[in-house]
Number of protein chains: 2
Amino acid sequence: MNAAAQVPKAKLAIVPSRCAGCKMREVCLPGGLDGTDPALLDDLDYTRRKVKRGDALFRAGAEFDSIYAVRSGFLKSSVVLEDGRDQVTGFHMAGEIVGLDGIGGGNHTADVTALEDSEVCIIPYARLEQPHLQRQLQKVMSRELVRDQGVMMLLGTMRAEERVAAFLLNLSQRFLARGFSSSEFHLRMTREEIGSYLGLSLETVSRIFSRFQDEGLVTVNLKHIRILDVAGLKAALSQPNL
Amino acid sequence: MNAAAQVPKAKLAIVPSRCAGCKMREVCLPGGLDGTDPALLDDLDYTRRKVKRGDALFRAGAEFDSIYAVRSGFLKSSVVLEDGRDQVTGFHMAGEIVGLDGIGGGNHTADVTALEDSEVCIIPYARLEQPHLQRQLQKVMSRELVRDQGVMMLLGTMRAEERVAAFLLNLSQRFLARGFSSSEFHLRMTREEIGSYLGLSLETVSRIFSRFQDEGLVTVNLKHIRILDVAGLKAALSQPNL
DNA sequence: CGCATGATTGAGTCTTTTCAATCGATGTGG
DNA sequence: CCACATCGATTGAAAAGACTCAATCATGCG
C-alpha cells in the first residue's frame, strides 16, 4: 500500500507567503491556479500528502475525490494498455496540477508516481465551488489540452532528434519558470521513461544524448544535463531532414 | 474569408425535443453535456452557425469567445508547426464539443475545419455560469484529456497496423453511439488526414487498408468502409509482434 | 563492498518512409 | 454531355530511421 503520510491540515498551504522554500509564486500557486486572487483560496484548508520516490499518488481505476497540486518533487503520469505496454504521458513538477483525468468518469485513468520524494496539496474537487476557482480550473484543464496537442505533434510529426531536443528545451523552460537554472539540471527520470514519453526506445534516447554531446549542444553525465547551445537545440527542433 | 452563415438565434436548439433529425439525445446534448438536466440549458439561447466543407470554424490565434457543440457534419482539429508541418489532432462528429483549447490562453491554438458541411451551436463561454454547467464542462474537458491519453498511447506505443485498427474501431464505436451503423460508414477524411492523425504516411495508411482487406477484416472502397470482422480488428490491436 | 539497476554502444534487422508511376473518381467548363 | 484537369488512392522499389538483441560499463544503493 501507499504508506504516504497524511500530514495534518496545513492552513493556507497554497498561499505564497506561507510556502517555505518556494522561489516563485507559481510554485505555490500551482500552474493554472496562477493568476487566481490568493484571497479566493484563503478559506480553504488543504491537506498535504507526502509521496515517497517510487510510490503512487494514485493509480488508474482509483476513485476520484481530489486533484493535487504538486508542492515539491517530481512525478510522472503513465497509462497501461491491457497487454502490458505502458506509456508515460507526462512529467509533473512543483506548481503543476495532477488528477484532472478523474473528473470525467469518476475514476482516475492514469497512474501518477513519484520519481523523487514529493509533496502535494490535496484539493478536494467537491470543495472547488467558487465560480472563480471553477474558471481557473477550466483554464488549467484547457492548458493541459493544449499541452497534449504539443505532445501529439511531437509524437506524430517529429523525428527522434527533434523529440529529444523538444524534451530538453521544454524541461529547461519549466525549470526556468520556477526559478531554477535553465541551463543545468538533473533529470529525475530514467532513459526508459524518457523514451516511453517520447515514443522512442531507451537506446535511441541514449544515442541522441550522446550525439548532441558530440555536437557540442549539451553535456550529458547520466542524469545531469548542461545545455550549452540553446540555439543549436532549437535548430535541431526544426530539422525534418537530417 | 469564412462566409459561414450566422443563423438567427434558435431558442433551445440544444434541447433534444427541438433538435430535428437527431436520432439520439447525445447528438443534441453534446458529448459531455450529456447527463446534464436539460432544464439547466433552457434559459440559454444558442446561435447556430453553418460551416461549409473546407471552411474553418475558427483558426489558431483567433480570439476565444465560445465553445461549439457540433450539431451535424464532421470536422477536424489541426495544429501547425512554424516550419509548416501540421498534424490533425482530432476528428469531431455530432454531439462533440470543440473550442476548449481557447479557454486557457484566451485564444484558440488549433484550427477547426469542416470536412463536410456542418452545423454547430455557438455556446458563449461567458454565459456558462451555472455551477452545474461548469461541472459538466469540466467533465467534458476531463474526458478530452483522457481521450488525448489514448492518442498518445496510440502514437507512442503502437505500430502502424495497430494504429489503423484502433482508428477504425474508434470510429465504428462513435458511429454506433450516434445511432448509425457501426459496421459500415463513410470516411469523411482523406488518407492524408488519417495518416496525419495517426502519425503515419498516407501511403502506409493505404497499404494497411489494403492488407486488412486481403485478410478479410474489412472492405475498403475509397471512403466507404465495411467492417467484416470486429474481433479480428481487435486482435490486430494487440499484436506488438507481427 | 558487491550486486542490481541504469546507461552506453555496436551490429543487424525490420518497419515505415520516400520517391515515383499509375489508376480512378470527381467535377468543371466548353 | 463529354473531355479534360485535378485530386485522391493504390502500389512498387529503394532508402532511411529506429528498434531489438547483446555485451560492456558505471553507479549507487543496500
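Owing to the predicted nature of the structure, the values given are computational and were not obtained by experimental measurement. Just so we're on the same page: letters track the sequence lines, and every chain starts at 1. As a basis for the values below, the full set of heavy atoms in this structure was taken, side chains included, without hydrogen atoms, waters or symmetry mates.
Across the protein-nucleic acid pair, B:Ile208 atom CD1 and C:dT17 atom C1' stand 12 Å apart, rounded to whole Å. Between B:Arg159 atom CZ and C:dT17 atom P the separation is 12 Å, expressed in whole Å. Rounded to an integer number of Å, the gap from A:Leu200 CG to C:dT16 C1' is 15 Å. Rounding to whole angstrom units, CG of residue A:Leu115 and C1' of C:dG6 are separated by 14 Å. In this entry the distance linking CE of B:Met158 with P of C:dT16 reads 13 Å, nearest Å. At whole-Å resolution of the value, CZ in A:Arg85 and C1' in D:dT20 are 15 Å apart. Look at CD on A:Glu116: it is 15 Å from P on D:dG28, rounded to the nearest Å. Regarding B:His224, its NE2 atom lies at a distance of 13 Å from the P atom of C:dT26, rounded to whole Å.
Residue-level contact check: A:Gly195 touches neither bases nor backbone, having no heavy atom under 4.0 Å from any strand.
With sequence neighbours excluded, the residues that form a side-chain hydrogen bond (donor to acceptor under 3.5 Å, both in side chains) with B:Asn170 are B:Arg174. Under the side-chain hydrogen bond (donor to acceptor under 3.5 Å, both in side chains) criterion, A:Ser182 pairs with no residue, sequence neighbours left out.
Of all heavy-atom pairs spanning A:His108 and A:Arg59, the tightest one is CB-O, 3.8 Å.
In summary, the aromatic rings of B:Phe180 and B:Phe185 are positioned with their centroids too far apart to meet the 6.0 Å limit.
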- Show your working on side-chain hydrogen bond (donor to acceptor under 3.5 Å, both in side chains) between B:Glu82 and A:Ser238 and close with a plain yes or no. CA-CA 8 Å; B:Glu82 307 76 47; A:Ser238 311; 4.9 Å; no
Produce the list of close N/O pairs, under 3.5 Å, pairing protein atoms with atoms of nucleotides 7-12 of chain D; give distances to one decimal.
residue : atom : partner  : partner atom : Å
D:dA9   : OP1  : B:Lys223 : NZ           : 3.3
D:dA9   : OP2  : B:Arg191 : N            : 2.9
D:dT10  : OP1  : B:Arg191 : NH2          : 3.2
D:dT10  : OP2  : B:Arg191 : NE           : 2.7
D:dT10  : OP2  : B:Arg191 : NH2          : 3.4
D:dT10  : OP2  : B:Ser206 : OG           : 2.7
D:dT10  : O5'  : B:Ser206 : OG           : 3.2
D:dT11  : OP2  : B:Ser210 : OG           : 2.5
D:dG12  : N7   : B:Arg207 : NH1          : 2.9
D:dG12  : O6   : B:Arg207 : NH2          : 3.3

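Using a cutoff of 4.0 Å between basic side-chain nitrogens and carboxylate oxygens, A:Glu96 and A:Arg143 are not scored as salt-bridged.
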